[in-house]
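For reference, the structure discussed in these notes is given below.
Computation of the quantities below employed the complete heavy-atom set of this structure, encompassing side-chain atoms and omitting hydrogens, waters and symmetry-equivalent molecules. Fair warning: this is a prediction, and the values are worked out from it, not measured in the lab.
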Amino acid sequence: MATAAATAGAIPADQPMDKRKLIAFFAMVFGMFMSILDIQIVSASLAEIQAGLGAGSDEVAWVQTSYLIAEVIMIPLSGTLARILSTRVLFSICAAGFTIASGLCATATSIDQMIIYRAIQGFIGGGMIPSVFAAAFTIFPPSKRAIVSPIIGLVATLAPTIGPTVGGYLSHAFSWHWLFLVNIIPGILVTAVAWSMIDFDEPQKSLWKKFDWWGLLSMALFLGSLEYVLEEGNNKDWFNDEHILVGSLVMVAGAVVFFWRAFRVDFPVVDLKAFANRNFAFGSLFSFVMGIGLYGLTYLYPLYLGRIRGYDSLMIGETMFVSGLAMFFTAPVAGMLSNRLDPRVMMAIGFFGFALGTYMMTGLTGDWDFYELLIPQILRGCSMMLCMVPINNIALGTLPPARIGNASGLFNLTRNLGGAVGLAIINTMLTQRSDEHYARLSEHLSYTNPEAIDWLGSVGANYDSFGLDGAAVALQKLSGLVTQQSWLLSFIDVFTALTALFASLILLVMLIAKPSGQAGGGAGH
């Protein structure tokens, strides 16, 4: 299996960088940026798409769900396809397909068309993400990782963070169509550069004969159903809904067949043997948790600002931009520290910063605005970069080059699944805890509470003076206040749980053996 990728993995550390490979790599990085950004850029403007297509709230949710389901199937599959087709062919097809699908999304005239086009966009775009990670750890020597790893770490974390800002601006300044049209010209350029510049490996077309189609089908059913259950479970009251129950059964059946074939066939659709490497296994675990932090907090802050503060998507984006700036300025620092600090120490500092930021959010009130959210967001942005760079290096930096293509797909899958699991848990916690807090608060607002009676009387009299039914309006206002406070308390519960999660990871980091840091070393650990 002597491919060009294997040769690249053995380049001397002091060899100057090939400019052609650098240009190709940066084109790939930009393609990955577009693919990841497209998730959050659309989620921030679903209301505009819903209005433009005349869709219901349940229907428009599938604009996101279809993209995520398709993407999560393609990400682990990309390693196998890259071996068969070569990185050049796979990435060029993905970049071109993503661009075409973006154009189709912009021309959609019905919600059904949009859902189909988004699924195509997610599936094809998902192939670009692992290819970048694989290229970074095969074409560059270990001495360049202090430069390369922060770049891909920054893109993987910055794109979801600034998505609400970009989406809010585009939908306000132009129209929702520009959420997709903005991909066209960059997509054409990325495709052209990728096709003409990428030359990292050779295709192994003979592997088509061994391709495990049953493994692909079972993986699609397993991961697709898992993503659907996690995305829709809370909205549909989990297993009390027939569709969630059927989806869960399909997920279990798909998982059984997928794992059975993964360990039995000669050329599995996804090679799970990378998890035998202890560093990769731990790196994937940390990537899973970082997915919770990345996507969970990218969801929580806008939800608070929209539900409690009444912000629109543009105002939310402007408030959230702080995290993106913090990531951008921390990336080069993280790169320098990765050469000087034990990666375990870097991760511990990052997890501590995460825990501190979420702990500060446990003091949340209904009056918090940009300045109260400033420090927690800066801590989140800086901590994200301090964690991601060593996690990438630990997970992929000690694998042999032949394993990296497949492993990068698994590694990115863990981050996406972490985000999906985290969002499902966060949504469920918010729903259940807000109901419980509402019930507890309501108990204290009975007619035996003189303060509540006085408040109702005062507010009611004020509205009576305007010729309204003061008593009814006052009760409505009081119910709104209780609802707002119950949501605030549930937000605090979630931030408390996240604080405990990231604080516990500091202890887990201390249990990892110090990685050797050499490519290819420790593959059997």
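Looking at every heavy atom in both residues, Gly247 comes nearest to Val229 through C-CG2, 3.9 Å. The nearest pair of heavy atoms linking Ala95 to Val190 is CB-CG1, 4.0 Å. The heavy-atom pair separating Gly125 from Ser35 by the smallest distance is O-OG, 3.1 Å. The two residues Asn183 and Gln121 have their closest heavy-atom pair at ND2-NE2, 3.8 Å. When all heavy atoms of Ala334 and Val389 are compared, the pair lying nearest together is CB-CG2, 3.9 Å. Between Ser131 and Met28, the shortest heavy-atom contact is O-CE, 3.5 Å.
For the atom pair OG of Ser383 and CE of Met347, the computed distance is 13.5 Å after rounding to the nearest 0.5 Å. Atom CZ of residue Phe33 and atom CZ of residue Phe26 lie 14.0 Å apart, to the nearest 0.5 angstrom. Here the CG-CG distance, from Leu303 to Leu297, works out to 12.0 Å after rounding to the nearest 0.5 Å. If you take CE on Met114 and CG on Leu104, they are separated by 10.5 Å, rounding to the nearest 0.5 Å. Note that CD of Glu71 and CG of Leu223 are 12.0 Å apart. Values are rounded to the nearest 0.5 Å. Atoms CD1 and OG, from Ile23 and Ser196 in turn, are 9.0 Å apart once rounded to the nearest 0.5 Å.
The aromatic rings of Phe351 and Phe286 are tilted relative to each other, their planes meeting at an angle between 30° and 60°.
Between Phe123 and Tyr67, the distance from one ring center to the other does not fall under 6.0 angstrom.
Between the side chain of Thr358 and the backbone N or O of Phe354 there is at least one donor-acceptor pair closer than 3.5 Å. Under a 3.5 Å cut-off, the side chain of Ser287 and the backbone N or O of Gly283 do not form any donor-acceptor pair. With hydrogens and angles ignored, the 3.5 Å screen pairs no side-chain donor or acceptor of Ser78 with any backbone N or O of Gly127.
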Note to self: Between Tyr301 and Leu373, is the side chain to side chain contact (heavy atoms under 4.5 Å, CB included) condition met? List the steps.
What the structure shows: CA-CA 9 Å; Tyr301 283 114; Leu373 298 175; 4.0 Å; yes
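Just one of Val421, Thr431, Leu300 meets the side chain to side chain contact (heavy atoms under 4.5 Å, CB included) condition when paired with Ile426; it is Leu300.
Donor-acceptor pairing under 3.5 Å is lacking for the side chains of Thr191 and Ser92. There is no side-chain donor-acceptor pair under 3.5 Å between Gln432 and Thr428.
Within the 4.5 Å cutoff, side-chain heavy atoms of Met74 are placed close to those of Leu81. Between Met429 and Ser490 the shortest side-chain heavy-atom distance does not fall below 4.5 Å. Looking at heavy atoms from C-beta onward, Arg415 lies in side-chain contact with Met388 at the 4.5 angstrom threshold. Here the side chains of Phe222 and Phe259 are in contact, with some heavy-atom distance below 4.5 Å.
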What donor-acceptor contacts under 3.5 angstrom involve side-chain atoms of residues 320-328, with partners at least two apart or in another chain?
from, atom 1, to, atom 2, distance (Å)
Ser323, OG, Gln377, O, 3.2
Ser323, OG, Gln377, OE1, 3.3
Ser323, OG, Arg380, NH1, 3.4

